[in-house]
Colleague: 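The structure's right below; bear with me while I get my questions together.
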Amino acid sequence: QVQLVESGGGSVQAGDSLRLSCTASGRTFSRYTMGWFRQAPGKEREFVATITWSDNSKIYADSVKGRFTISRDNAKSTVYLQMNSLKPEDTAVYFCAATGYLGRVVQAGKYDNWGQGTQVTVSS
């Protein structure tokens, strides 16, 4: 198991930027594929981005492609989500997650380690 703690959320205006961080402790972070998901009120949790442990391969949801960037620093056991050009529809609780699956993983059900979430609110 790996423990995950997110930070960096907040309330911003449309067009602003935020950087979320997720720091891991426990098992070897560098061997986990990491993902970011979000959940808006009344909606299901949805995939945002993922980055593999093997080759740092990434994939993004269409809704954030070109605006969000996922990255990782294995030396710091941290994964980041840089969010630019934020829109009101990006408002949600953002969760980071870890999985031992090889490759880019977009299904929430394949992640077995989750953080507590951090709130991002974007006003127009």
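Quick note: residue numbers are just sequence positions, from 1.
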Colleague: Honestly, is Arg72 close enough over Phe29, meaning NZ or CZ under 6.0 Å from the six-membered ring centre and within 45° of the axis?
Modeller: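 Pair Arg72/Phe29 counts as cation-pi.
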
Colleague: Can you check whether Lys87 reaches Val122 side chain to side chain, under 4.5 Å on heavy atoms?
Modeller: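 Lys87 does not reach Val122 side chain to side chain.
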
Colleague: For Ala40 and Ala92, which heavy atoms make the closest approach, and how far apart are they?
Modeller: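 Here Ala40 and Ala92 meet closest at N-CB, 3.8 Å.
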
Colleague: If only side-chain N and O atoms count, and only distance matters, is there a donor-acceptor pair under 3.5 Å linking Thr50 with Tyr101?
Modeller: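 Absent: no donor and acceptor within the cut-off.
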
Colleague: Nearest heavy-atom pair of Pro88 and Ser123: which atoms, and what distance?
Modeller: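 Minimum heavy-atom contact is CG-C, 4.5 Å.
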
Colleague: Val106 and Trp53: same hydrophobic cluster, using ILVMFWY side-chain contacts below 4.5 Å?
Modeller: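 Different clusters: Val106 never reaches Trp53 through Ile, Leu, Val, Met, Phe, Trp or Tyr contacts under 4.5 Å.
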
Colleague: Please assess Phe68 against Leu18 for the test side-chain contact (heavy atoms from CB on, under 4.5 Å), listing each intermediate value before the final yes or no.
Modeller: CA-CA 10 Å; Phe68 291 11; Leu18 278 175; over 6 Å; no

Colleague: Under the criterion side-chain contact (heavy atoms from CB on, under 4.5 Å), I'd like the reasoning laid out for Ile59 against Phe47: C-alpha separation, chi angles, the key distance, then a yes or no.
Modeller: CA-CA 10 Å; Ile59 192 169; Phe47 167 77; 3.6 Å; yes

Colleague: For residues Thr78 and Thr23, is any side-chain donor paired with an opposing acceptor at under 3.5 Å?
Modeller: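 Present: a donor and an acceptor within the cut-off.
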
Colleague: Do Leu20 and Phe95 have side chains that approach each other closer than 4.5 Å (heavy atoms only, starting at C-beta)?
Modeller: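 Heavy-atom side-chain distance check fails, nothing below 4.5 Å.
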
Colleague: For Gly117 versus Glu6, what's the shortest heavy-atom pair and its separation?
Modeller: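 Distance-wise, the nearest heavy atoms are N-OE1, 2.9 Å.
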
Colleague: Measure the spacing between OG of Ser124 and CD of Gln13 and express it to the nearest 0.5 Å.
Modeller: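 Ser124 OG to Gln13 CD: 8.0 Å, rounded to 0.5 Å.
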
Colleague: Within 45 degrees of the axis of the six-membered ring of Tyr80 and under 6.0 Å from its centre: does Arg19 put its NZ or CZ there?
Modeller: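 Cation-pi check for Arg19 and Tyr80: passes.
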
Colleague: For a quick test of reading the model, state the closest non-hydrogen atom pair linking Ala98 to Val2 and the distance between them.
Modeller: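 Of all heavy-atom pairs spanning Ala98 and Val2, the closest is CB-CG1, 3.8 Å.
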
Colleague: Please state whether the rings of Tyr111 and Phe37 are parallel, tilted or perpendicular, taking 30° and 60° as the class boundaries.
Modeller: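 If you compare the ring of Tyr111 with that of Phe37, the planes turn out perpendicular.
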
Colleague: Which pair of heavy atoms, one from Lys43 and one from Gln39, lies closest together, and at what distance?
Modeller: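 Lys43 and Gln39 have their closest heavy atoms at O-NE2, 3.1 Å.
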
Colleague: Does Arg67 reach the side chain of Asp90, with side-chain heavy atoms less than 4.5 Å apart?
Modeller: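 A side-chain contact exists here, since the closest heavy-atom pair is under 4.5 Å.
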
Colleague: Please report the interatomic distance CE(Met83) to OG1(Thr69), rounded to the nearest 0.5 Å.
Modeller: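 OG1 of Thr69 is found 11.0 Å from CE of Met83.
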
Colleague: Any chance you could measure Met34, atom CE, to Thr52, atom OG1, to the nearest 0.5 Å?
Modeller: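 Atom-to-atom, Met34:CE and Thr52:OG1 are 12.0 Å apart.
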
Colleague: Are any of the side-chain heavy atoms of Arg38 and Ser63 separated by less than 4.5 Å?
Modeller: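 Yes. Closest side-chain heavy atoms under 4.5 Å.
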
Colleague: Distance from Arg104 atom CZ to Thr99 atom OG1, nearest 0.5 Å?
Modeller: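 With rounding to 0.5 Å, CZ (Arg104) is 15.0 Å from OG1 (Thr99).
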
Colleague: Supply the atom-to-atom distance Lys110 NZ to Asp112 CG, rounded to the nearest 0.5 angstrom.
Modeller: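 Result: 12.0 Å between the selected atoms.
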
Colleague: What heavy-atom pair brings Val120 and Gly9 nearest, and what distance separates the two atoms?
Modeller: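 Taking every non-hydrogen atom into account, CG2-CA, 4.2 Å.
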
Colleague: Side chains of Gln3 and Asn113, heavy atoms from C-beta outward: is any pair under 4.5 Å?
Modeller: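 No. Closest side-chain heavy atoms not under 4.5 Å.
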
Colleague: Give me the one residue out of Val64, Ile51, Val79 that meets side chain to side chain contact (heavy atoms under 4.5 Å, CB included) with Trp36.
Modeller: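 Result: among Val64, Ile51, Val79, Val79 is the only option passing the side chain to side chain contact (heavy atoms under 4.5 Å, CB included) with Trp36.
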
Colleague: To the nearest 0.5 Å, tell me how far Ser85 OG sits from Asp16 CG.
Modeller: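 With rounding to 0.5 Å, OG (Ser85) is 9.5 Å from CG (Asp16).
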
